[in-house]
Amino acid sequence: MPTIWGHVESVVNQPKSPPSLVLSKRTTFGTCRTECIVGVGVRILKGCDRLSLDEIRSGDFVIATIMEHAGWLEAERIEVIEFRHDSVMGVGEG
């Protein structure tokens with residue numbers, strides 16, 4: 001399945017429209033914005049923990065597995081990636 005990735009610009013979760021996620025990704029040509037509808041049965045994960053859509057924050061880095069429809073994208077799985085700050089020295093530092 002195709003994937004999209006980038007930093008969360010905004011999460012739109014209003015009662016009168018389907019929830020959506022707007023991602024911003026830097027490319028060599030500038031910034032690319034992509035919006036996808038959050039599917040009804042979407043799985044949202046951060047590591048092994050399940051999250052709700054309301055727990056995704058602006059600035060989070062996500063990878064979304066999507067289904068392509070005519071004219072719009074639907075996220076079926078969203079993974080929030082947590083970057084670790086490992087020490088410069090690496091293994092053995094304590």
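Keep in mind that the numbers below use all heavy atoms, side chains included, and drop hydrogens, waters and symmetry copies. A quick note: this is a predicted structure, and the numbers were derived from the prediction, not measured.
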Supply the atom-to-atom distance Ile66 CD1 to Arg77 CZ, rounded to the nearest 0.5 angstrom. 15.0 Å

In this structure, CD of Glu74 is separated from CD of Glu68 (nearest 0.5 Å) by 11.5 Å

Examine Val11 and Val22 and state if one hydrophobic cluster contains both, with Ile, Leu, Val, Met, Phe, Trp and Tyr joined whenever side-chain heavy atoms are less than 4.5 Å apart. no

May I have the list of side-chain donor-acceptor pairs in residues 56-65 shorter than 3.5 Å, sequence neighbours left out?
| from | atom 1 | to | atom 2 | distance (Å) |
| --- | --- | --- | --- | --- |
| Arg57 | NH1 | Asp54 | O | 2.7 |
| Ser58 | OG | Glu9 | O | 3.4 |
| Asp60 | OD2 | Arg57 | N | 2.9 |

Check the pair Cys36, Ile4 against side chain to side chain contact (heavy atoms under 4.5 Å, CB included), reporting the backbone distance first and the verdict last. CA-CA 9 Å; Cys36 63; Ile4 57 174; 4.0 Å; yes

ILVMFWY network linking Ile37 to Leu73, side-chain heavy atoms under 4.5 angstrom: no

Using 0.5 Å steps for rounding, measure from the CE atom of Met67 to the CD atom of Glu76. 4.0 Å

Working note: His7 + Lys25, criterion side chain to side chain contact (heavy atoms under 4.5 Å, CB included); need CA distance, chi angles, decisive distance, verdict. CA-CA 6 Å; His7 288 91; Lys25 178 172 114 173; over 6 Å; no

Audit row: Arg50, Leu45, side chain to side chain contact (heavy atoms under 4.5 Å, CB included) steps and yes/no: CA-CA 5 Å; Arg50 291 190 81 145; Leu45 302 168; 3.7 Å; yes

What are the two closest heavy atoms between Pro19 and Asn13, and how far apart are they? CB-OD1, 3.7 Å

Could you tell me the separation between the OG atom of Ser20 and the CD atom of Glu35, rounded to the nearest 0.5 Å? 4.0 Å

To the nearest 0.5 angstrom, please state how far the OG1 atom of Thr3 sits from the CD1 atom of Ile78. 12.5 Å

Gap separating the CG atom of Leu21 from the CD1 atom of Ile44, nearest 0.5 angstrom: 8.0 Å

List the residues meeting ring-ring contact (aromatic ring centres under 6.0 Å, His included) with Trp5, not counting sequence neighbours, and say none if there are none. none

